[in-house]
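One structure is given here, and the rest of the page talks about it.
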Amino acid sequence: MIEKYDPEKVELKWQKYWEEKEIFKTPNDFTKKKFYCLEMFPYPSGKIHMGHVRNYAIGDVIARYKRMRGFNVLHPMGWDAFGLPAENAAIEHGVHPAKWTYENIEYMKRQLKRMGFSYDWSREVTTCEPEYYKWNQWFFLKMYEKGLAYRKASFVNWCPSCATVLANEQVVDGGCWRCDTEVIQKELPQWFLRITAYAEELLQGCEELLEGWPEHVVTMQRNWIGKSEGVEMDFPVADSELKIRIFTTRPDTLWGATFVCLAPTHPLAEKLTKDRSKLERIKSKYGMMEEKEGLFTGRYAINPMNGEKIPIWVANFVLMEYGTGAIMSVPAHDQRDFEFAKKYGLPIRVVIQPEKGKLKEPLEEAFEEPGVVVNSGEFSGLNSDEAKKRIGEFIEAHGLGEVKINYRLRDWGISRQRYWGTPIPIVYCDSCGIVPVPESQLPVMLPENVTLTGKGESPLSQIEDFINTTCPSCGGKAKRETDTMDTFVDSSWYFLRYCTSKESEPLQTEALHYWMPVDQYIGGVEHAVLHLLYSRFFTRVLRDIGILDFSEPFKNLLTQGMVCKETIKCPLHGWLLPDEVENNRCIKCGSEVQRGRVEKMSKSKKNVVDPDYLIKKYGADTSRLFSLFAAPPEKDLEWSDQGIEGAHRFLGRVWNLVQVNADPLRNTKDRPVHINKNNEKLARKVHQSIKKVTEDIENRYQFNTAIAAMMELFNELSSFRPSSNEDWSVMRFGVRTLLLLLSPFAPHITEELWEVIGESPSILQQPWPEWDEALAKEPEIELVIQVNGKVRAKEIVPAGLSDDELRQRALSSERIKKFINGKPIKKVIVVKGRLVNIVI
RNA sequence: GCGAGAGUGGCGGAACUGGUAGACGCGCUGGACUUAGGAUCCAGUGGGAUAACCCGUGGGGGUUCGAGUCCCCCCUCUCGCACCA
């Protein structure tokens with residue numbers, strides 16, 4: 001009687017072994033070839049979810065595989081530990097954010113260890129520790145020195161009732177998430193990082209990324225940066241010295257400008273508008289997308305191109321943050337201007353005609369395409385592209401303005417009116433003004449004694465001990481900055497911190513130059529823009545202050561799909577858990593339930609699967625294997641209860657096969673492997689499997705097909721009946737190979753069975769198997785014979801026949817003769833070693 | 001609206017540069033072993049016709065000896081951006 005597969009017993013045994021022997025510890029041995037495998041670190045929200053399991057299972061396969069291939073692999077893990085949920089927990093349950101965070105970390109760390117991921121925990125990074133955030137502050141000071149960090153007034157979401165600043169995700173339908181009061185925009189001085197200084201470089205850098213990043217992510221980065229070329233020029237205000245500077249990408253439509261629009265917060269809007277209450281009303285509608293609203297200032301501007309007097313309006317859809325905060329409006333050729341002109345009865349003048357035909361007036365919508373310029377003085381008759389160029393030159397030559405490039409990308413506002421974050425190392429002194437905290441005084445510690453209420457401007461401003469300080473410059477009384485940093489700052493460089501050991505400072509260039517850049521980064525697409533862009537920005541800043549010698553932090557990026565599951569909905573009780581349903585009816589009210597769509601797992605939709613439950617029921621190996629087998633990594637994965645049973649069954653079969661044959665396997669020597677008539681098919685399959693699995697991992701991270709190949713190998717092994725020592729040598733070769741191939745996917749069971757067949761641990765320290773191309777080749781092929789493109793016969797023929805021989809074989813086939821039936825043959829196509837197509 | 005991606009058996013998914021569509025798994029059917037089996041093992045499984053055969057990769061055209069794969073048009077779904085002048 002063989003031992004039954006008991007995942008928990010096996011997994012705990014090997015996890016203990018790995019930990020005791022420090023198998024996952026990565027030496028800083030700078031002479032070996034390196035591989036840096038990084039997965040996005042989690043926010044310690046409480047427990048890991050299936051998204052984490054999938055993400056980290058993918059990363060672990062890559063890390064273990066690369067290690068077996070002989071690389072010195074850096075595979076670290078840490079915690080994105082600052083953030084809002086910790087503060088909410090404090091407000092709701094009275095537990096200190098630090099306590100809440102560290103307890104969550106402890107729990108989740110145990111879960112990750114229980115999954116058997118091969119992390120070097122000695123390099124663990126926790127961003128809320130002073131040793132970590134000290135460097136956030138250090139980078140901030142460096143940026144301040146270089147003029148890359150600056151302070152300016154900006155708007156925040158403000159709840160008048162709670163008297164507090166709200167994050168975007170705390171604004172629900174324009175109201176406060178807690179009290180539903182309407183959220184208003186309040187202006188506060190805040191700190192910004194000048195990412196726009198790197199806009200062009202970040203855009204150019206996208207070229208370099210294309211090799212290793214998914215194209216759609218690169219596109220998203222490009223769009224986010226949003227480069228547009230145009231001109232900036234002044235429109236003088238009639239009867240005054242004032243000028244309105246506008247930006248346009250369509251200088252070819254200048255003659256079609258029939259009014260000018262200012263953003264409601266534009267400085268001239270106040271100056272030019274008589275009716276202040278109306279202006280305030282427009283301001284309150286700023287950025288509301290539903291309806292365009294405007295206000296005529298009563299003043300006019302002069303179009304410098306044709307001297308025309310056109311009205312100046314204030315419009316809610318004009319953004320102060322982009323361009324100059326003012327636009328010329330060409331309703332005939334811009335849909336937004338068109339809608340605005342229609343609403344307020346402003347003139348619409350066509351100045352671009354399509355290449356073919358003529359626009360029908362009055363227009364029903366704006367004609368936005370390029371075309372031929374008309375009604376535009378000396379520029380009439382040119383096409384749009386030519387006109388843009390010539391008008392741009394004209395404007396510059398006459399000092400009316402300049403050709404200009406604008407970016408959609410804006411500077412990064414990092415101030416948060418929050419407690420649980422990195423204090424911004426700045427002091428305000430009555431006599432010296434803004435004074436940076438000297439490096440020697442870092443870190444500016446986050447005080448512990450805080451009461452969080454969720455009210456008031458910034459929690460730190462309540463703590464007298466914290467705010468009151470002395471000016472580093474004059475020694476007089478001064479007050480500290482009370483805002484903390486956006487947590488994206490923490491995640492913009494954490495991958496550097498892993499490179500050095502925990503005791504040392506993070507900016508040792510030797511270690512950084514050896515490990516960086518990250519060879520493979522893995523995470524969700526939700527970070528396709530911000531986190532990745534900020535990291536690319538930080539990397540460049542650090543390069544420019546001489547710490548790094550490259551620009552792109554992540555060479556290859558893999559964005560894994562979401563983990564989804566079917567949802568169930570009761571017409572009365574909403575989303576239901578699977579065990580709230582019996583015979584397709586809700587157990588509460590008996591109504592028939594709707595088996596809903598497959599959606600991303602989320603607690604609110606009650607379609608989650610808890611990793612703890614899976615580990616308990618099936619073990620870590622099965623959980624990992626299924627999440628890698630059910631779909632290719634970048635696609636969404638649909639959860640299936642039967643699917644995981646299948647994965648579990650497979651491991652169980654592998655277990656049984658090895659256990660049943662344990663004695664002969666153990667008593668067979670590894671080499672030589674004797675191939676004979678009886679076992680050559682299996683031997684070939686082994687070589688083919690090594691090839692397939694290796695290529696699937698190496699070339700395209702196709703873990704699902706790699707696993708399928710291992711299942712095929714297993715099927716071959718389990719139907720093999722060894723009858724001689726030679727057979728056993730091949731059997732052992734096959735089992736040994738299967739265990740090695742499977743070990744990155746299911747590390748525990750393979751480690752155990754590795755020992756069962758008489759090998760010594762750890763399987764992770766074994767070299768990856770290699771295949772022999774000659775032995776992987778099939779001696780015979782199945783020749784497909786088509787007549788007029790339809791398969792009519794299949795024949796087994798020796799491999800390596802010439803085209804001519806294949807043609808002869810095809811034409812002499814009895815079945816094929818019937819189809820040809822004496823008709824003349826027009827053509828015969830031979831696909832080498834595969835197929836013959838006879839055209840009649 | 002713009003941009004990207006995807007539509008293949010009952011289901012998840014295979015199919016490298018155009019060359020046997022449906023690998024592998026799930027489910028289903030039949031059988032074996034069992035007091036029993038929702039455990040395990042064996043066999044079968046795209047649809048249709050009792051066989052030779054016909055039809056099949058969202059729909060419609062096209063290129064080709066040959067199309068899931070290439071080109072054009074259309075439909076559906078998912079994701080991202082969304083007044084960026």
Side-chain angles (χ1 to χ4, degrees), chain A residues 4 214-220 222-224 226-228 230 246-250 253 261 287-292 315-319 321-330 333-337 339-340 368 406-410 525-526 528-529 561-562 564 597-600 626 629-632 634-647 649-650 652-653 656 692 695-696 699-700 702 704-712 714-715 718-719 782-794 815 818 826-840:
Chain A
K4 203 171 159 285
E215 199 184 312
H216 70 276
V217 176
V218 179
T219 307
M220 281 164 80
R222 282 206 183 105
N223 292 344
W224 193 262
K227 180 179 183 172
S228 55
I246 62 103
F247 173 73
T248 180
T249 53
R250 293 295 302 271
T253 63
C261 284
M288 302 244 183
M289 309 179 219
E290 296 81 38
E291 173 109 44
K292 294 184 174 44
N316 69 329
F317 71 90
V318 178
L319 306 171
E321 292 82 2
Y322 184 75
T324 58
I327 59 167
M328 66 161 185
S329 290
V330 185
H333 305 293
D334 183 292
Q335 188 57 27
R336 295 157 298 179
D337 297 345
E339 285 163 23
F340 193 79
E368 297 187 312
N406 256 315
Y407 299 91
R408 201 189 87 110
L409 180 69
R410 285 171 219 164
V525 235
E526 62 272 23
V529 180
M562 299 182 298
C564 302
R597 321 163 17 126
V598 176
E599 299 205 55
K600 178 178 178 175
F626 173 71
F629 179 60
E634 63 291 350
K635 281 228 228 159
D636 285 352
L637 181 155
E638 188 186 331
W639 183 261
S640 143
D641 289 329
Q642 289 110 329
I644 194 159
E645 293 278 355
R649 220 157 20 212
F650 171 67
R653 282 197 282 250
N656 289 341
K692 172 89 176 124
E695 288 178 349
D696 280 350
N699 302 344
R700 21 180 224 163
Q702 285 260 350
N704 55 334
T705 52
I707 294 168
M710 291 186 256
M711 288 172 167
E712 282 187 57
F714 170 81
N715 290 341
S718 73
S719 57
E782 191 183 40
L783 179 68
V784 176
I785 309 168
Q786 298 182 329
V787 176
N788 285 344
K790 291 196 172 174
V791 180
R792 294 303 185 190
K794 295 175 182 179
R815 271 180 57 81
K818 257 197 327 208
K826 288 190 195 147
K827 209 171 170 186
V828 178
I829 289 131
V830 181
V831 178
K832 208 157 195 48
R834 270 194 160 168
L835 171 148
V836 175
N837 187 13
I838 300 160
V839 187
I840 55 172

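First the proteins, then the strands, lettered A, B, ... as listed; each starts at 1. No hydrogens, no waters, no symmetry mates; every other heavy atom, side chains included, goes into these values.
- Distance noted for atom C1' between B/A51 and B/G58: 34 Å (whole Å).
- Computed from coordinates, the A/Glu339 CD to B/A85 C1' distance equals 14 Å when rounded to whole Å.
- Scanning both residues, A/Val217 and A/Ala528, for their nearest heavy atoms gives CG1-O, 3.8 Å.
- Taking the P atoms as reference points, B/G25 lies 24 Å from B/A32, given to the whole Å.
- Residues forming a salt bridge (charged side-chain N to carboxylate O under 4.0 Å, His left out) with A/Arg410 (at least two apart in sequence, or on another chain): none.
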Report, as a single string ordered 5' to 3', how protein heavy atoms within less than 4.0 Å touch nucleotides 6-16 of chain B: B base, S sugar-phosphate only, - not at all. ------BSSSB
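- What you find for A/Phe626 and A/Leu637 is that their closest heavy atoms are CE2-CD2, 4.3 Å.
- Counting any heavy atom pair closer than 4.0 Å across all strands shown, A/Ser329 reaches no nucleic acid atom.
- The A/Ile327 side chain lies nearest to B/A85 when the options are B/G3, B/A85, B/C65.
- For A/Glu638, the side chain to side chain contact (heavy atoms under 4.5 Å, CB included) partners two or more places apart in sequence, or in a different chain, are A/Val598.
- Heavy atoms of A/Asn715 sit under 4.0 angstrom from primed sugar atoms or phosphate atoms, though from no base atom.
- When the P atom of B/C79 is taken as reference, atom CE of A/Met562 falls 7 Å away, rounded to whole Å.
- A stem is defined here as three or more consecutive Watson-Crick or G-U pairs, each with both distances under 3.5 Å; for RNA chain B these stems are B:1-7 with B:75-81, B:10-12 with B:24-26, B:27-32 with B:40-45, B:46-48 with B:53-55, B:58-62 with B:70-74.
- Rounded to a whole Å, the CZ atom of A/Arg792 is 8 Å from the C1' atom of B/C53.
- Remark: A/Lys794 is not in phosphate contact with B/U20, judged by side-chain N or O atoms under 4.0 Å from OP1 or OP2.
- Of all heavy-atom pairs between A/Met562 and A/Lys600, the closest is SD-CD, 3.4 Å.
- Within 4.0 Å (heavy atoms only), A/Thr249 reaches sugar-phosphate atoms of the nucleic acid but no base atom.
- A pairwise comparison of heavy atoms in A/Val791 and A/Lys794 identifies CG1-CE, 4.1 Å as the closest pair.
- When heavy atoms are screened at a 4.0 angstrom cut-off, A/Arg222 is found touching no nucleic acid atom at all.
- Checking side-chain atoms of A/Arg815 against main-chain N and O of A/Arg792 turns up a donor-acceptor pair under 3.5 Å.
- In plain terms, the two heavy atoms of A/Ile327 and A/Phe317 that are nearest each other are CD1-CE1, 4.1 Å.
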Show each protein N/O and nucleotides 68-71 of chain B N/O combination with a separation under 3.5 Å, one pair to a line.
none

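- Separating the NZ atom in A/Lys692 from the OG1 atom in A/Thr705 is a distance of 4.5 Å, to the nearest 0.5 Å.
- Contact annotation for A/Lys790: backbone-only contact, meaning every heavy-atom pair under 4.0 Å involves sugar-phosphate atoms and none involves a base.
- If you take atom P in B/G27 and the same atom in B/G12, they sit 15 Å apart, rounded to whole Å.
- Of the candidates B/C83, B/A4, B/G19, B/C83 carries the atom nearest the A/Lys292 side chain, counting heavy atoms from C-beta on.
- Among the protein residues, A/Val318 comes within range of the nucleic acid bases, having at least one heavy atom under 4.0 Å from a base atom.
- Following rounding to the nearest Å, A/Asn788 (CG) and B/A67 (C1') show an atom-to-atom distance of 16 Å.
- Using a 4.0 Å heavy-atom cutoff across all strands shown, A/Val784 reaches at least one base atom of the nucleic acid.
- A/Ser228 and A/Asn406 share no side-chain donor-acceptor pair at under 3.5 Å.
- Between the CG atom of A/Asn837 and the C1' atom of B/G66 there is a distance of 6 Å, rounded to whole Å.
- Atom name P, nucleotides B/G13 and B/U8: the rounded distance is 9 Å, in whole Å.
- What you find for A/His216 and A/Val525 is that their closest heavy atoms are NE2-CG1, 3.6 Å.
- Look at CE on A/Met711: it is 6 Å from P on B/G25, rounded to the nearest Å.
- For the C1' atom pair drawn from B/G19 and B/U64, the interatomic distance equals 12 Å after rounding to whole Å.
- No donor-acceptor distance shorter than 3.5 angstrom exists from the side chain of A/Asp636 to the backbone of A/Gly561, with no hydrogens or angles considered.
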When every nucleotide of nucleotides 27-43 of chain B is labelled 5' to 3' by its protein contacts under 4.0 Å (heavy atoms), B for base, S for sugar-phosphate only, - for none, what sequence of letters results? S------------SS--
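- Remark: A/Glu782 pairs with no residue by the side chain to side chain donor-acceptor pair (under 3.5 Å) rule, at least two apart or across chains.
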N/O contacts under 3.5 Å, protein versus nucleotides 61-63 of chain B?
none

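- For A/Arg815, taking side-chain heavy atoms from C-beta onward, the closest of the listed nucleotides B/A23, B/C53, B/G80 is B/C53.
- Separation of the C1' atoms belonging to B/G3 and B/G38 is 49 Å when rounded to the nearest angstrom.
- Atom NZ in A/Lys818 sits roughly 7 Å away from atom P in B/C53 (whole-Å rounding).
- In B/G18 the O4'-C1'-N dihedral to the base is more than 90° from 0, which defines an anti nucleotide.
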Show which side-chain atoms of residues 828-837 of chain A pair as donor or acceptor with protein atoms under 3.5 Å away, not counting sequence neighbours.
from	atom 1	to	atom 2	distance (Å)
A/Lys832	NZ	A/Asp803	OD1	3.2
A/Asn837	OD1	A/Gly789	N	3.0

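- One P atom belongs to B/C54, the other to B/A43, and the distance between them is 31 Å to the nearest Å.
- Comparing A/Val831 and A/Trp224 along RNA chain B, the residue whose closest nucleotide (by nearest heavy atom) sits nearer the 5' end is A/Val831.
- Here the nucleotide nearest the side chain of A/Leu835, chosen from B/G19, B/A23, B/C81, is B/G19.
- Among the protein residues, A/Gln786 comes within range of the nucleic acid bases, having at least one heavy atom under 4.0 Å from a base atom.
- Among residues two or more places apart in sequence or in another chain, the side chain to side chain donor-acceptor pair (under 3.5 Å) test is passed with A/Ser718 by none.
- A/Arg408 places its CZ atom 18 Å from the P atom of B/C2, with the value rounded to the nearest Å.
- Atom CG of residue A/Asp334 and atom CD of residue A/Glu368 lie 5.5 Å apart, to the nearest 0.5 angstrom.
- A/Gly646 comes within contact range of the sugar-phosphate backbone alone, with a heavy-atom separation under 4.0 Å but no base atom that close.
- In this structure, A/Lys292 is not positioned above the aromatic face of A/Phe340 in the sense of NZ or CZ being under 6.0 Å from the six-membered ring centre and within 45° of the axis.
- The same atom, C1', is picked in B/U34 and in B/U40; the two are 11 Å apart, to the nearest Å.
- Remark: A/Glu695 engages no residue in a salt bridge (charged side-chain N to carboxylate O under 4.0 Å, His left out) (not counting sequence neighbours).
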Treating primed atoms plus P, OP1 and OP2 as sugar-phosphate and everything else as base, which nucleotides of nucleotides 45-51 of chain B get B, S or - for protein heavy atoms under 4.0 Å? -------
